[in-house]
Amino acid sequence: MKLRNSMGGRLEEFEPLDPARVGIYVCGPTVYGDSHLGHAKSYVSFDVLVRYLRHTGFAVRYVQNITDVGHLSENSEFGEDKIQRQAALERVEPLELAERYTRSYFEDMDALGNLRPDISPRASGHIPEQIELVRTLLSRGHAYRSGGCVYYSVRSFPGYGKLSGRRLDELLAGARVEVQENKRDPLDFALWKKADGGHILKWRSPWGWGYPGWHLECSAMAMRYLGETIDVHGGGLENIFPHHECEVAQSEAATGKPFARFWLHNNMVTVDGRKMGKSLGNFVALKDIFARFDPAVVRLYILRSHYRSPLDFTEEGLRSARSAFERLSELRTRLARTAGEGAGSDAAADLAASLSRSFRERMDDDLDTPGALAAVFDFVRAANSMLDGGSGAGDASMLRDLIEDLCGGVLGIARRQDRDVLETGQEKLVEALSLARSALRGSRLFREADEIRRIVAEAGYSVRDLPDGTSLIKKS
RNA sequence: GGCGGCGUAGCCAAGUGGUAAGGCAGCGGAUUGCAAAUCCGUCAUUCAGCGGUUCGAAUCCGCUCGCCGCCUCCA
């Protein structure tokens, strides 16, 4: 499998350090608000990577942090902690707020079908590890104390800039580097900050009461759970600089070893061509989208574009994804109905082999999910044709197993509910209406039957008259 | 100002030297009591524009235009 490595920018054959095991670290959310589509794109992308690696036989340890401290609202000495600021607004404890939005985050990710990370470490729960890392950097001469804070000395690490392609003099030329009195160099960044009066989230350290700098947690937790050199480090494109650049500098200066072998970055979600972000006030909360679209549709929408391409959010795009999702779901339902005992034909085996091959080819090419989906939809047409032609139970079983494996197991776009079983009270009523309608049709009372179909459709169920009976399907 | 990316049909989107995948929408047909679903056919002589390299370019090079991201917290 080839992946585009942000470190160097080239497509490289992926091989983990340990041939059988892969360690992945992905920058998780700062939990001070509900998740939006941008989170969905990032975490769906990495979820598919993890699923695919497991599918191809690797044992994967997937670590994704939860940032609940140290993320300041501005890059200044006196910036407010985002968690603390929002906690004050909602009148709760900072960690209570973090817990609230951590749950909200997992609710949304579960709905999208993302597998839970194997470890979801909290920054606040890893203060000793972070302090230890600062001590190491101090002892190695890469950090210095000043005004109760500890800063990383960027010029002590020659590799600074190698990930983001920046050069120190160019950074200085930029107008927005703020000179701060405690720093020896404007480019230096805080490892540990002194807590002044208003800070609630603070810990005792060798340098007094304080709290960790934002970049520190990822280095400390990644190395704690995945070792000093990790196979894959992922995150959003906007984190390449400064966040990931600083992680590289901290970690490699501390260990003398490469920090991450593969850096993967997903592109942004835009709205009307503009980046979506909390600070821009144009973000689309997942809970709002889920009220109108099945989360599986949102997932398919995301996977229809490449992880490294920007995704422009549109209502029309979501509707298009919903149609495509329905088409796929139709086939899956059809296969499940037909599947049973019996030997499969050569034609079905050929079709399955063809999809397996092209799916793998596309996924092996830097996780080309749009290409993989194209292969899936080629398969959808061919499989429908076979079923139209009267393929038997054995063929259907074979095709079903494959599509469940790829779409369910790898892409995660399978809807979980069994759509032939209607369970809620409303659904029972709809089912009863449908039976009554069948009787009307039997009596050739089509006008009445059509009226029932129209009403049931308004309630969110599509009614179809098939040669062997009537099908009821809940719309997405 | 510096660094990086993008521009493929009405919309979305693969394809990085060999003659334009796929989805949605549309149109014609088969099927159907009518629909829906499904299938068949159709839908870019052309890949922002202009030059160049090549037997051959959407793919490589140069220039132009347009858009976006990062350089400050952000997935």
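Proteins come first, then strands; the chains are lettered A, B, ... in the order of their sequence lines, and each starts at number 1.
Counting only distance, with no hydrogens or angles, the side chain of A:Arg299 and the backbone of A:Gly412 share a donor-acceptor pair below 3.5 Å. Proximity of a side-chain donor or acceptor of A:Tyr105 to a complementary backbone N or O of A:Val31 within less than 3.5 Å is not detected.
Counting any heavy atom pair closer than 4.0 Å across all strands shown, A:His306 reaches sugar-phosphate atoms only and no base atom. Nucleic acid contact class of A:Tyr301 (heavy atoms, under 4.0 Å, all strands): none. Here A:Gly38 lies in heavy-atom contact (under 4.0 Å) with a base. Residue contacts for A:Lys275: at a heavy-atom cut-off of 4.0 Å it reaches a base atom on one of the strands shown. Note on A:Thr30: only backbone sugar-phosphate atoms sit closer than 4.0 angstrom, heavy atoms only; bases stay farther off. Using a 4.0 Å heavy-atom criterion, one finds that A:Gly273 contacts the sugar-phosphate atoms exclusively. A:Val26 comes within contact range of no nucleotide atom at all, as no heavy-atom separation falls under 4.0 Å.
Stacking between A:Phe446 and B:rG33 is shown: the ring centroid lies under 5.5 Å from the centre of the six-membered base ring, and the planes differ by under 30°.
Remark: the separation of the C1' atoms in B:rA35 and B:rA30 is 16 Å, to the nearest Å. Atom P of B:rA48 sits at a distance of 14 Å from the matching atom of B:rA14, rounded to the whole Å. Separation of the C1' atoms belonging to B:rG10 and B:rA44 is 12 Å when rounded to the nearest angstrom. Remark: the separation of the P atoms in B:rG23 and B:rA13 is 16 Å, to the nearest Å. Using atom P as the reference point in both B:rU38 and B:rC50, the two lie 41 Å apart (nearest Å). Spacing of C1' atoms, B:rG15 relative to B:rA20, comes out at 8 Å, to the nearest Å. Straight-line distance between the C1' atoms of B:rU46 and B:rC70: roughly 34 Å, to the nearest whole Å. A gap of 12 Å separates the P atoms of B:rU42 and B:rA21, to the nearest Å.
Between A:Ile413 and A:Leu373 the shortest side-chain heavy-atom distance falls below 4.5 Å. In this structure, A:Asp366 and A:Tyr307 have side chains that are in contact, with non-hydrogen atoms separated by less than 4.5 Å. Annotation: side chain of A:Ser345 is in contact with side chain of A:Met386 (closest heavy-atom distance under 4.5 Å).
Among the nucleotides B:rC70, B:rG15, B:rG23, the one closest to any side-chain atom of A:Glu238 is B:rC70. If you check B:rA14, B:rG22, B:rC71 against the side chain of A:Phe241, the one that comes closest is B:rC71.
For A:Ser309, a side-chain nitrogen or oxygen approaches OP1 or OP2 of B:rA14 to under 4.0 Å. Contact annotation: A:Arg167 side-chain N/O to B:rC3 OP1/OP2 distance is not under 4.0 Å.
With rounding to whole Å, A:Phe377 atom CZ is found 11 Å from B:rA25 atom P. One atom, CG of A:Leu311, and another, P of B:rG23, lie 19 Å apart when rounded to the nearest Å.
Atom CZ of A:Arg447 is surrounded by 12 or fewer heavy atoms from other residues, nucleotides or ligands within 6.0 Å.
Stacking of A:Arg116 on the aromatic ring of A:Phe106 is recorded, both the 6.0 Å distance cut-off and the 45° axial limit being met.
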At under 4.0 Å between heavy atoms, which parts of nucleotides 34-41 of chain B does protein reach? Answer with one letter per nucleotide, 5' to 3': B base, S sugar-phosphate only, - none. BBBSSSS-
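Side-chain to base pairing of A:Arg166 with B:rC70: one donor and one acceptor N or O lie within less than 3.5 Å of each other.
In a base pair of the Watson-Crick type (N1 to N3 plus N6-O4 or O6-N4) or a G-U wobble (N1-O2 and O6-N3), with each distance short of 3.5 Å, B:rU53 is matched with no nucleotide.
With rounding to the nearest 0.5 Å, the separation of CD1 in A:Ile83 from OH in A:Tyr211 is 13.0 Å.
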